[in-house]
Amino acid sequence: MSTPAFDALKIDDLCPTPSATPIREEFARAVRSGLSKPQRELPSIYLYDEVGTALFEAITKLPEYGLTRADERLLRRYAHQILEHLPPSLIVAELGSGSGRKTRWLLEALTRRQALVYFPIDISASALTKCRQEFADMGSVSLVGLEASYLEGLHAAVSTRRPGQTFLVLFLGSTVGNFERPAADKFLREVRRCLSPGDALLLGCDLEKPVESLFLAYDDPLGVTAAFNLNLLARINRELQGDFVLEQFSHQIRYDKRERRVEMHIRSERRQSVSIRASELTCTFREGETIWTEACHKFCLEEISEMAQHTGFVCRAQWVDHEWPFAESLWIAV
Ligand code: AVJ
């Protein structure tokens, strides 16, 4: 099967609703409100511009960061087992496609059963471009890139549903760990509202592990994660006319035992003022004050199946990597 739909669609091509605010204005506003909070924070989605995406790709290759390799190992080993739980005529939609490397194992197994429509959904156009390159050689995959937020994109994808089709939504790489737990429940409930009974969600979650290995994974000796984190300030300088002096900030990792999450912060090494023109903001940092840039929650197996029940799914099966504790969970919408 082939369709002329190989180019990324802007979301408005599929759902002609009033279009979202331009991304830069939204970024400027998010920076303004995040940096005005008592614990300053910046939304982690903004870590992934072109530079950030390349640095994250490098992180996934570091020996200390086992998460992505574990995710990929599971998909490679168990793709067929996973698909055995699902009916024929699957349409695949992926939330946050990244480069598409891990997904390849699943799609290859699937195209042995059927020609396939695959909707990668990502707010990053460059991620979609990479993804399209990754699958260019797979003739039986019709790729329709959706440059949109997860829920907007998913709405658009399911709006193409024809009778008898089942959707499989992929949410891999423990991206769900970026949400605080109540927000994750809320988000997953919204995913469920896009779906019909019998549709499936394959959820990749990083599991709890010794804190020492987490510190190494998120504060690697080569400094790639530090660069990934500080790039957010560089991005604000580039896109919002900020004047952060990067040398005066540093990467900091914390582990919150109660919340069971790694927190990534940027620490001001001295008292200093920064202005960000496009956000119409000047702020003064105390020495040692931090900007919280990302939360990476860690899970246990039981809570993942409980989460399914809270959000309108049932957890049908789980596959676990023991080298780097990580789980793929297959949820079915009830
Ligand atoms: C892409 C959100 C899964 O939580 O480990 C890696 C991001 N941040 N190193 C993670 C990340 C710092 C990553 N996720």
Side-chain angles (χ1 to χ4, degrees), residues 41-75 94-103 120-124 126-127 130-131 149-150 170-181 183-184 187-188 202-235 250-256 259-267 290-299 304 321 324-329:
E41 59 185 43
L42 291 168
S44 59
I45 48 163
Y46 295 111
L47 290 164
Y48 299 89
D49 66 344
E50 208 176 336
V51 176
T53 301
L55 288 168
F56 178 68
E57 277 287 304
I59 289 172
T60 65
K61 296 177 168 62
L62 296 172
E64 295 84 5
Y65 188 82
L67 190 154
T68 309
R69 280 186 298 278
D71 197 9
E72 189 177 346
R73 264 197 304 276
L74 288 168
L75 294 176
E94 179 165 18
L95 311 180
S97 59
S99 70
R101 238 178 71 91
K102 297 172 288 192
T103 314
I121 300 165
D122 210 300
I123 47 165
S124 154
S126 58
K130 268 227 190 99
C131 188
S149 72
Y150 295 155
L170 307 177
F171 197 24
L172 305 174
S174 204
T175 305
V176 69
N178 283 155
F179 292 108
E180 304 212 7
R181 286 186 164 80
F187 175 78
L188 292 165
L202 186 66
L203 185 67
C205 295
D206 202 22
L207 301 177
E208 291 180 83
K209 50 183 62 62
V211 175
E212 309 82 73
S213 58
L214 290 174
F215 271 103
L216 276 171
Y218 289 90
D219 194 1
D220 62 278
L222 201 53
V224 185
T225 310
F228 170 68
N229 194 10
L230 291 167
N231 173 57
L232 189 45
L233 303 186
R235 179 179 184 182
S250 67
H251 173 64
Q252 189 188 64
I253 288 302
R254 300 179 186 169
Y255 187 76
D256 186 324
E259 300 286 351
R260 291 177 291 134
R261 69 180 175 216
V262 174
E263 293 181 4
M264 198 162 75
H265 291 254
I266 296 173
R267 179 181 190 275
T290 71
I291 307 169
W292 183 16
T293 53
E294 193 178 38
C296 310
H297 291 79
K298 303 302 165 189
F299 299 89
I304 298 169
D321 192 86
W324 178 276
F326 188 96
E328 310 290 357
S329 303

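In each ligand, atom 1 is the first atom listed, and ligand 1 is the first ligand listed. In this chain, residues are counted from 1 in sequence order.
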Got [X] and [Y] here, is their nearest side-chain heavy-atom distance under 4.5 Å?
X: Thr60; Y: Glu72; result: no
X: His265; Y: Arg267; result: no
X: Ile45; Y: Asn178; result: no
X: Arg260; Y: Arg181; result: yes

[X] neighbourhood, listing ligand 1 atoms whose heavy-atom distance to it stays under 4.0 Å:
X: Leu67; answer: 5 (O)
X: Phe228; answer: 8 (N), 12 (C)
X: Tyr48; answer: 1 (C), 7 (C)
X: Asn178; answer: 2 (C)

Considering heavy atoms of the protein only, find what lies nearest to [atom] and give residue, atom and distance to 0.1 Å.
atom: atom 3 (C) of ligand 1; answer: Gly173 O, 2.8 Å
atom: atom 8 (N) of ligand 1; answer: Glu294 OE1, 2.6 Å
atom: atom 4 (O) of ligand 1; answer: Cys296 SG, 3.0 Å

Taking 4.0 Å as the limit for heavy-atom contacts, which would you say applies to Asp206 with ligand 1: side chain only, backbone only, both, or neither?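 Near ligand 1, Asp206 shows nothing, with every heavy atom at 4.0 Å or more.
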
Test of ring centre spacing under 6.0 Å for Phe326 and Phe299: no

For residues Phe215 and Tyr255, establish whether the separation of their ring centroids is below 6.0 Å. no

Taking N or O atoms only and a 3.5 Å limit, does [X] qualify as a polar contact for ligand 1?
X: Tyr218; answer: yes
X: Tyr65; answer: yes
X: Thr175; answer: no

Answer with yes or no whether the side chains of Trp324 and Asp206 bring together a donor and an acceptor at under 3.5 Å. yes

CG on Leu216 to CD1 on Ile253, rounded to 0.5 Å: 11.5 Å

